[in-house]
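We count residues from 1, following the sequence as given. No experiment lies behind these values; they were computed from the predicted model shown.
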Amino acid sequence: MRARKLILFTVVLACLRQRSIAQDFSNQTPAEILRPSETSDFNRRIYYKNRLEFSFESGWLPVNIPFVFDFLLGDGYNMTPLRYTLVPNIASLRWQINDVGGPRILRGNWDLSFSGTWTVIPRGPETHYGAYMMGIRRNFVQPNWRVVPYFDGRLGLGLTDAKEPKGAIFAQGQDFTFTLNMGTGVRYNINPRFAISAGMNYMHISNLYLSEPKYPNYGINVYGPMAGIVIRLGK
């Protein structure tokens, strides 16, 4: 008899404990229930909608190639004998426009960039190039990866000290020009506020045939390594 009472008491106590746990769980908000899984991925504190960042990048672009989109113009990927080296210095405001999402291998988010660049030309008849650019970047973000690959593209317009009107063969035909940049690389997130980046960048400069027929539009097409820093703005 005493054994039955002890068993009954144990069953009642277990039921009361389960009921108490269920009540505590039901009183939690969805945010409280999901919080552990959300905070387990620290990249959620780095890549999110409306985050603003400042970045500064610098590069050394000594490799000359034909214009990568020559096939769209019907040209034969020809190059002039003139060779350039560009040293771009790019200051950007970056605006992340969405949260992390997408299929597994493409998981990530997008950011827009608004940039001012000052490019030194240590090899070539011109000496400098200043431009304003806008661009878009895809960040390929995997859970808890500190190293995040990216691919970006930027378009802009600017001014150079064109030397073809002064007699330099194969140089730029006028001061006002357009620029196209495409790059890929990786970003290493030191913490939610600071990051560094490194990659390769292609840079095209030309006047879109505005100097013709007086001066041919030869353009500049170079690529090389880039490195930079990223700093979160605000809290």
**Prompt:** Where do E57 and R94 land on the salt bridge (charged side-chain N to carboxylate O under 4.0 Å, His left out) test, with the steps shown first?
**Reply:** CA-CA 12 Å; E57 304 161 272; R94 296 191 170 277; 3.7 Å; yes
Measuring from atom [atom1] of [X] to atom [atom2] of [Y], what distance do you get when rounded to the nearest 0.5 angstrom?
X	Y	atom1	atom2	result
D111	I136	CG	CD1	8.0 Å
F42	W145	CZ	CH2	11.5 Å
M134	F114	CE	CZ	4.5 Å

**Asked** Taking the side chain from Q172 and the backbone from E126, do they hold a donor-acceptor pair closer than 3.5 Å?
**Response** no
**Prompt:** Ignoring hydrogens and geometry, is there a side-chain-to-backbone donor-acceptor pair from Q174 to Y209 under 3.5 Å?
**Reply:**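 Not a single qualifying donor-acceptor pair exists.
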Considering residues, nucleotides and ligands other than [X], do more than 12 of their heavy atoms fall under 6.0 Å from its [atom1]?
X	atom1	result
I169	CD1	no
Y223	OH	no
I105	CD1	no

**Item:** Any side-chain donor near an acceptor of the partner, Y129 and T177, under 3.5 Å
**Value:**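 On atom types as modelled, these side chains qualify, holding a pair under 3.5 Å.
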**Message:** When you compare the side chains of Y47 and D41, does any donor N or O come within less than 3.5 Å of an acceptor on the partner?
**Reply:**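 Looking only at side-chain atoms, D41 and Y47 do not form any donor-acceptor pair under 3.5 Å.
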**Request:** Determine, stepwise, if the pair Q96 / E53 fulfils side chain to side chain contact (heavy atoms under 4.5 Å, CB included).
**Result:** CA-CA 8 Å; Q96 297 188 20; E53 299 174 324; 3.6 Å; yes
Of all the heavy-atom pairs spanning [X] and [Y], show the shortest one and how long it is.
X	Y	value
L180	L155	CD1-CD2, 3.5 Å
G219	S206	CA-CB, 4.0 Å
E212	N217	OE2-N, 3.1 Å

**Aromatic ring pairing F170/Y218, orientation class (parallel under 30°, perpendicular over 60°, tilted between)** = perpendicular
Can you list, pair by pair, the side-chain donor-acceptor contacts under 3.5 Å of residues 192-202, counting residues two or more places apart and other chains?
| from | atom 1 | to | atom 2 | distance (Å) |
| --- | --- | --- | --- | --- |
| R193 | NH1 | G234 | O | 3.4 |
| N201 | ND2 | N181 | OD1 | 3.0 |
| Y202 | OH | N221 | OD1 | 2.6 |

**Asked** I229, I190: one ILVMFWY side-chain cluster at the under-4.5 Å cut-off?
**Response** yes
**Request:** May I have all residue pairs that pass side chain to side chain donor-acceptor pair (under 3.5 Å) and include part of residues 58-70, sequence neighbours excluded?
**Result:** S58-N89
